[in-house]
Amino acid sequence: MIRHLLIIVGIFAASMSWLIWLCRAVDPSTRYGSEVEYNYARYCAGCHGANGQGNGRIGRFKKLEPANLTTTEFWEGRTDEQLIHSIDAGKDNMPAFFYYLTDEEQRELFKFIKENFRPTPRRD
Ligand code: HEC
């Protein structure tokens with residue numbers, strides 16, 4: 001009798017830990033180190049690619065030609081404010097994000113792509 005009880009408790013414990021593992025596996029935010037990394041993956045990487053090279057799956061598939069955020073020409077030809085404005089209001093094939101992301105989140109994303117994708121950062 002006690003053995004049956006132990007088996008039931010064992011099965012219960014196993015299924016609970018499996019459920020917890022499943023929840024963690026399903027919630028994508030647990031896979032990213034920070035909120036901004038998660039936002040990039042969720043909102044931007046589909047077009048600009050995980051490494052910012054403009055080769056995300058949606059961008060390639062739909063031939064949207066997302067900007068390559070990793071070239072010197074890209075960063076030299078544009079001001080920070082202009083780029084933040086493009087994220088907020090959209091540009092050509094790029095959708096506007098004011099509806100999905102607060103100003104602060106947009107600025108954090110901009111800082112993220114600047115720090116991670118811009119080649120040989122200048123001092124400014
Ligand atoms: C649906 C695809 C798509 C998504 C999603 C997308 N972009 Fe873009 N993005 C583009 C395209 C296309 C361009 C090129 C626009 C142009 O220069 O005509 C672009 C250009 C840019 C530029 C350069 C704008 C400029 O003024 O030259 C920045 C910065 C940028 N994207 C950042 C982001 C960020 C940050 C996100 C996520 C919040 C994002 N993009 C999501 C398609 C996308």
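Remember, it's 1-based here, ligands and their atoms both numbered in the order they're listed.
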Polar atom proximity, R78 to ligand 1 (N or O, under 3.5 Å) | yes
Less than 4.5 Å apart, any side-chain heavy atom of F74 and any of L83?
-> yes
Could you tell me which residues satisfy side chain to side chain donor-acceptor pair (under 3.5 Å) with S86, sequence neighbours excluded, listed by chain and number?
-> none
Considering the heavy atoms of L109, write down every atom of ligand 1 situated less than 4.0 Å from one of them.
-> 38 (C)
Sorted by chain and number, sequence neighbours left out, side chain to side chain donor-acceptor pair (under 3.5 Å) with D88 holds for Q106
Between A50 and Y40 the two heavy atoms that sit nearest each other are O-CE2, 4.0 Å
Is H48 reaching over with its side chain to a backbone N or O of A67, donor-acceptor style, under 3.5 angstrom?
-> yes
Contact check, P95 vs ligand 1, heavy-atom distance below 4.0 Å | yes
If you have a sec, work out which protein heavy atom is nearest atom 12 (C) of ligand 1 and how many Å separate them, to one decimal?
-> L64 O, 3.2 Å
Could you pull out the closest heavy-atom pair between G59 and P66, with the gap in Å?
-> CA-CG, 3.7 Å
Which residue, R107, E108, K111, forms the side chain to side chain contact (heavy atoms under 4.5 Å, CB included) with V36?
-> E108
Do the non-hydrogen side-chain atoms of P119 and W75 ever get within less than 4.5 Å of each other?
-> yes
heavy-atom search around atom 5 (C) of ligand 1 in the protein gives Y43 O, 3.2 Å
Non-hydrogen atoms of L64 and N93 that approach each other most closely = O-ND2, 3.1 Å
Looking only at protein heavy atoms, what sits closest to atom 16 (C) of ligand 1 is D92 OD2, 3.5 Å
Looking at ligand 1, does F74 have a heavy atom less than 4.0 Å from it?
-> yes
What residues, two or more places apart in sequence or in another chain, satisfy side chain to side chain donor-acceptor pair (under 3.5 Å) together with N68?
-> T70
Count up the protein N, O or S atoms sitting under 2.8 Å from atom 8 (Fe) of ligand 1, would you?
-> 2
Which residue and non-hydrogen atom of the protein lie closest to atom 28 (C) of ligand 1, and at what distance in Å?
-> L69 CD2, 4.0 Å
